[in-house]
Student: 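Have a look at this one.
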Amino acid sequence: MKYASVPLNQNQNGWLNPDLSPTVYPTLIGDTEADWVVVGCGFAGISFARRLANHHPKLKIIIVDSACAAESSSARNSGFIIGLPHNIGSSTAELKKAQSYRSLLQEGINQLTYQIERQGIECEWENAGKYHCQVDAANQRVLKEYTDNLDAMNEPYQIMDKEALYQKLGTRFYNKGIYTPSSILVNPASLIVGLANNLPDNVTMYNYTPVMAIRHGSVNQVVTPFGTIRAANVMLATNALSRELAPVTSQQAAMATFASITAPLTAEQRQKLPTMSSWGLTPVNAIAGATVRYTQDHRFLIRQHVTPALNGRITAAQTYQATLLHQQIFNKIYPQLRDVPLTSTWSGTISVTRNGAPVWGELKKGIYTAGGCNGAGVSKQTIAGTLLADYALGIDHPLIGAMQELGQANYLPPSPVLDMAIGVSLMKERYLGRKEV
């Protein structure tokens with residue numbers, strides 16, 4: 001039997017608050033049975049399990065994860081909860097289905113808002129909006145297409161020049177930007193831990209329980225190192241990780257992104273900047289450019305560098321190289337703050353599809369998935385998990401149609417062809433976005 005690869009990041013998540021004490025869940029020891037097994041405790045898996053449990057409180061639902069919520073990819077993202085379509089690299093695939101994406105993303109935000117208020121989850125939630133910025137003054141295509149779609153959706157936005165951006169961001173690195181109010185900033189680790197710790201009583205969580213294989217049948221057998229779970233239904237909330245678990249040819253690839261965070265700025269260092277509130281910035285080319293945040297406690301986050309991670313494993317050497325790169329980028333954006341040190345660098349995985357469409361639905365009788373986040377996953381994966389639960393139970397929801405209108409991800413070839421194709425695609429994006437860093 002071929003066993004699934006187990007994700008591994010040889011670095012520590014910089015979002016983890018020392019005061020955060022996530023609930024310690026046991027490792028599965030021994031064999032058991034369930035009505036549903038959810039593999040993965042990120043935003044899709046958590047929202048799927050909650051929806052199932054709320055619909056049917058007598059269902060026995062088990063969530064297993066190779067690590068825990070605090071170390072998941074969901075906890076390692078940049079903390080943007082985006083309510084509008086998002087472009088990845090030079091692609092504007094989501095913008096072409098803007099109305100469907102907008103309704104889905106807004107409902108994802110609504111559900112998260114309800115949960116944090118109901119459960120009292122402290123996660124630095126802030127309705128701060130988002131700056132979408134470009135460095136290259138000559139390239140107007142992506143921003144023009146973005147504003148055209150915002151106009152079509154009657155969404156408010158503000159176009160900002162270099163000087164206006166300086167007053168908000170403290171840097172003249174960017175030539176032009178678009179501010180949209182429909183985004184929320186959070187500490188993603190605190191958010192996903194809070195959601196995982198407040199699941200209904202009929203959901204059982206097992207941490208540090210990697211799924212090594214799934215034996216498909218009328219009753220599926222979910223194989224872990226120290227026990228097997230027998231269940232009629234399985235939901236794969238693994239995005240592109242552990243591709244060996246899916247019963248069909250993969251349509252998504254795992255990519256690792258890296259982020260670094262600085263020490264809190266001192267009062268003297270803050271005097272080198274205009275008076276600023278916390279903010280978040282995404283680049284016009286998310287592969288080549290840098291995502292930047294200024295947090296409530298006066299730290300800067302830099303996320304840049306994307307590399308293939310088809311088996312989900314990131315080495316310490318890769319993290320070190322990312323640290324050096326991030327320091328160079330930070331010094332370029334904020335030359336007046338060269339004395340501000342980076343204190344942590346970490347990686348997280350995103351799932352990328354060829355055409356920007358998700359991988360969503362029933363893969364095989366009794367096997368479901370919600371994947372293909374394409375790098376903007378908090379609100380998207382929250383609603384994808386919720387709708388998948390309704391779909392699996394045969395419960396009508398008006399947004400299932402919008403989810404299906406997004407289409408399905410295209411076929412991806414196996415390795416080594418896939419590895420070469422990803423390498424070529426990354427080279428192309430870095431070339432197209434070479435002036436954005």
Side-chain angles (χ1 to χ4, degrees), residues 1-13 16 21-46 48-50 52-53 58-76 189 192-193 195-247 254 309-315 347-349 363-364 366-371 385:
M1 175 183 292
K2 183 178 181 181
Y3 294 110
S5 56
V6 178
L8 174 66
N9 294 281
Q10 286 191 331
N11 48 57
Q12 185 173 355
N13 183 0
L16 294 175
S21 299
T23 301
V24 177
Y25 296 100
T27 297
L28 175 66
I29 305 293
D31 298 339
T32 189
E33 296 183 349
D35 296 300
W36 279 90
V37 175
V38 179
V39 184
C41 64
F43 290 108
I46 293 295
F48 179 87
R50 176 180 290 106
L52 279 182
K58 292 185 178 180
L59 284 177
K60 182 180 180 181
I61 303 162
I62 290 176
I63 300 178
V64 292
D65 196 276
S66 62
C68 61
E71 287 296 339
S72 67
S73 291
S74 291
R76 291 170 170 266
I192 192 62
V193 167
L195 294 171
N197 288 349
N198 287 281
L199 287 166
D201 292 339
N202 57 324
V203 179
T204 301
M205 179 87 73
Y206 291 105
N207 286 168
Y208 302 100
T209 304
V211 175
M212 309 308 298
I214 298 176
R215 300 189 185 111
H216 305 288
S218 56
V219 177
N220 298 294
Q221 297 181 56
V222 179
V223 181
T224 76
F226 304 109
T228 297
I229 310 167
R230 291 169 53 86
N233 300 289
V234 177
M235 188 275 195
L236 299 176
T238 54
N239 254 317
L241 295 174
S242 302
R243 297 189 300 159
E244 301 90 344
L245 300 179
L310 300 185
N311 62 5
R313 297 178 185 177
I314 299 301
T315 66
S347 56
T349 52
L363 301 176
K364 181 179 180 180
I367 307 292
Y368 297 81
T369 194

Student: So which heavy atom on Asn13 is nearest to which on Ala75, and how close?
Tutor: ND2-O, 3.0 Å
Student: Would you say the side chains of Thr209 and Thr224 form a donor-acceptor pair under 3.5 Å?
Tutor: no
Student: Might you point out which heavy atoms bring Gly40 and Asp65 nearest each other, and give the distance in Å?
Tutor: CA-OD2, 3.5 Å
Student: Check the pair Ile46 / Met205 against side-chain contact (heavy atoms from CB on, under 4.5 Å), numbers first and verdict last.
Tutor: CA-CA 10 Å; Ile46 293 295; Met205 179 87 73; 4.1 Å; yes
Student: Given side chains that start at C-beta, do those of Ile63 and Leu199 come closer than 4.5 Å, heavy atoms only?
Tutor: yes
Student: How many angstroms lie between atom OG of Ser73 and atom CG of Leu241, to the nearest 0.5 angstrom?
Tutor: 5.5 Å
Student: Can Arg50 and Leu195 be said to form a side-chain contact (heavy atoms from CB on, under 4.5 Å), step by step?
Tutor: CA-CA 9 Å; Arg50 176 180 290 106; Leu195 294 171; 4.1 Å; yes
Student: Would you check if Thr204 and Lys60 make a side-chain contact, meaning some heavy-atom pair closer than 4.5 Å?
Tutor: no
Student: Apply side-chain contact (heavy atoms from CB on, under 4.5 Å) to Asn239 and Thr349, showing your working.
Tutor: CA-CA 9 Å; Asn239 254 317; Thr349 52; over 6 Å; no
Student: Can you measure from CD1 (Ile61) to CG (Asp201) and round to the nearest 0.5 angstrom?
Tutor: 11.5 Å
Student: For the residue pair Val38 and Ala49, what are the closest heavy atoms and their distance?
Tutor: CG2-CB, 4.3 Å
Student: What closest approach, in Å, do Leu59 and Asn202 show between heavy atoms, and which atom pair accounts for it?
Tutor: O-ND2, 3.0 Å
Student: Tell me, with the steps shown, if Asn207 and Glu71 meet side-chain contact (heavy atoms from CB on, under 4.5 Å).
Tutor: CA-CA 11 Å; Asn207 286 168; Glu71 287 296 339; over 6 Å; no
Student: Considering only heavy atoms from C-beta outward, does the side chain of Asn197 approach that of Tyr25 to under 4.5 Å?
Tutor: yes
Student: With distance as the sole test, does Arg230 use its side chain to make a donor-acceptor pair with the main-chain N or O of Glu33 at under 3.5 Å?
Tutor: no
Student: Are the side chain of Asp31 and the backbone N or O of Thr228 linked by a donor-acceptor pair below 3.5 Å?
Tutor: yes
Student: Give a yes or no answer on whether the side chain of Asn9 reaches the backbone of Asn11 with a donor-acceptor pair at less than 3.5 Å.
Tutor: no
Student: Side chains of Gln10 and Arg313, heavy atoms from C-beta outward: is any pair under 4.5 Å?
Tutor: no
Student: When you compare the side chain of Asn233 with that of Met235, does any pair of heavy atoms fall below 4.5 Å?
Tutor: no
Student: Which of parallel (below 30°), tilted (30 to 60°) and perpendicular (above 60°) describes Trp36 and Tyr368?
Tutor: tilted
Student: To the nearest 0.5 angstrom, please state how far the CD1 atom of Ile229 sits from the CG atom of Asn220.
Tutor: 11.5 Å
Student: Could you report the tightest heavy-atom contact between Cys68 and Cys41, atom names first, then the distance?
Tutor: C-SG, 3.8 Å
Student: Where do Ser5 and Glu244 come nearest, in terms of heavy atoms and distance?
Tutor: N-OE1, 3.3 Å
Student: Measuring only between side-chain heavy atoms, which start at C-beta, is Ile214 closer than 4.5 Å to Leu236?
Tutor: yes
Student: With the side chain counted from C-beta on, respond yes when Pro26 and Tyr206 share a heavy-atom pair under 4.5 Å apart, and no when they do not.
Tutor: yes
